[in-house]
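See below for the structure under consideration.
All ligand and atom numbering here is 1-based and tracks the order in the structure.
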Amino acid sequence: MANWLVTGGRRLSGEIAVHGAKNAALPILAATILIPEPVELKNCPPLSDVEDMCAILRSLGATVVRSGDTVTVDTSTATHGTLPETLSHRVRSSIFLLGSLVSRFSEACAPYPGGCEIGNRPIDLHLYALSRLGVSFSEGDGRICAKVNRLSGAVIDLDYPSVGATENAMLAAVSADGETVVRGAACEPEIVDLANFLNASGFCVHGAGTPNLVIEGRKECRGISYRILPDRIVTGTYLIAGAITRGSVRVVRTDPTLIGALLSKLEACGFTVRTEPDAVSVTATDRPKELVSVETRPYPAFATDLQAQLFALLSLASGTSVITEHIFENRFRHAAELKRMGAQNEIIGRTAIIRGVPCLHGAKVTAFDLRCGAALALAGLASEGETEILHAERIDRGYDRMDEAVRILGGQILRKEP
Ligand code: UD1
């Protein structure tokens, strides 16, 4: 366990560059299993989740070398499709490997996936998608094993646009015999990035970014060099850091078109937002106005991964805000922690009613999951006094040295290692 000490009361201002997207890097790393040649991934963020995924690939026999922000993966030496127990429990996205491993080795075994404690996270859609392509499953001892003779193209109708299930379907279908159609696919930018990576490697995915994917199975592929898209959630978090501290933050090396839903919320709060082709800034001079209805939904609607951070911001609003969380049922764990800091909120089912207060105060709080931790760090930066965040190592799963980024912007977060 690592604790962070956050000093409040400093306006953050200046410029910060964001790293590559965790949620694009993870499925793209899983995709390297399909390509038995060296692949170079630039802008691959040095996050604990990404490092865990690299370690999983090594355990399968791949060679994975990091040099700065570039990771080179050579899976030509991978020998088997059995995922290691402990690491796979830590990273939920290890489940993506089922699709690519079963494609490469005809069989794969994985422990039930881990990841953030944000509610019941079933994998039924992943299994349905793979079974449509001919994969059969057996379960036991907390593990799931997949087997296939030949992957065959099929129509996959997803009842819900699950990001992970869409990615798993793509990873298995790209090398299947014939054509696969995925209807009801997720449209997140990270799906588009995975499709761009696969297409550049010689596979054939049409329609990424729309609910209808058409995938032509291909056997030939090649190792490539690919740059991972910027992290939209990290971009949004640092913009909220500027807004919540009544400062002015410019985020660079990013793509503002990926966070339109957040930018319109920040404007509705009364902040000044300015976009450039690869940068975005927010300037705040006052506390936010309340937002009467925020709903998390699949992209391009407001992202569940920014809900906790917006919740922290609205805790300081001049009126009462309402947020409804439609994606994950247990994603309000930050609410009670924010109350320890003086926030006023009430959770009724999937809806949070947030009565804005003029100021928060430092307290001892717990980062129950990654975004909960990010929200508490933001609240701490805007509070009077010092906030201690327990289990802050969870923040490192999605933010590369947030303490350093905050320091560049004039704030202070100190790591108190055990
Ligand atoms: C991905 C992101 C995560 C983000 C989420 C929603 C990665 C590594 N993680 O997670 O940061 O919060 O998208 O944008 O990319 N579901 C089922 N059955 C399934 C799969 C999902 O019922 O087989 C449900 C989940 O319980 C949840 C909803 O679908 O309620 C969304 O999940 P999904 O889109 O699959 O999210 P992840 O891929 O897990």
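Under 4.0 Å from ligand 1, heavy atoms of I327 appear from its side chain as well as its backbone. With a heavy-atom cut-off of 4.0 Å, L125 touches ligand 1 through backbone and side chain alike.
For H126, the heavy-atom gap to ligand 1 drops under 4.0 angstrom. Residue A165 places no heavy atom under 4.0 Å from ligand 1. Residue R297 places no heavy atom under 4.0 Å from ligand 1.
The pair K219-D177 meets the salt-bridge criterion, since a charged nitrogen lies less than 4.0 angstrom from a carboxylate oxygen.
Across E388, R415, E393, a single residue satisfies side chain to side chain donor-acceptor pair (under 3.5 Å) together with N3, and that is E388. With D305 as reference, R331 is the one residue of R331, R232, K22, R397 to meet the salt bridge (Lys or Arg N to Asp or Glu O under 4.0 Å) rule.
Below 3.5 Å of separation, one finds an N or O of S162 facing an N or O of ligand 1. Considering backbone and side-chain N/O atoms, N23 comes within less than 3.5 Å of an N/O atom of ligand 1. The shortest N or O to N or O distance between F328 and ligand 1 is not under 3.5 Å. For a threshold of 3.5 Å applied to N or O pairs, the pair formed by V163 and ligand 1 contains at least one separation below that value. Residue D305 places at least one N or O, backbone or side chain, under 3.5 Å from an N or O of ligand 1.
Here atom 22 (O) of ligand 1 lies nearest to P122 when heavy atoms of G398, P27, P122 are compared.
Inspection of the T324 and E295 side chains reveals no N or O donor paired with an N or O acceptor under 3.5 Å. For the residue pair D74 / S76, a side-chain donor-acceptor distance below 3.5 Å is found, with atom types taken as modelled.
For ligand 1, the atoms sitting less than 4.0 Å from at least one non-hydrogen atom of R331 are 12 (O), numbered in the order shown with element in parentheses. Near Y160, meaning under 4.0 Å from any of its heavy atoms, are these atoms of ligand 1: 28 (C), 29 (O), 31 (C). The atoms of ligand 1 that sit less than 4.0 Å from any heavy atom of G164 are 35 (O), 38 (O).
Residues H334 and Q309 form no side-chain contact, since every pair of their non-hydrogen atoms from C-beta on lies 4.5 Å or further apart.
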task = Might you work through the side chain to side chain contact (heavy atoms under 4.5 Å, CB included) test for F105 and T82, ending with a clear yes or no?
result = CA-CA 10 Å; F105 297 112; T82 299; over 6 Å; no
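Closest approach of I156 to A129, counting heavy atoms only: CD1-O, 3.6 Å.
Applying the salt bridge (Lys or Arg N to Asp or Glu O under 4.0 Å) definition to pairs two or more places apart or across chains, none involves residues 251-271.
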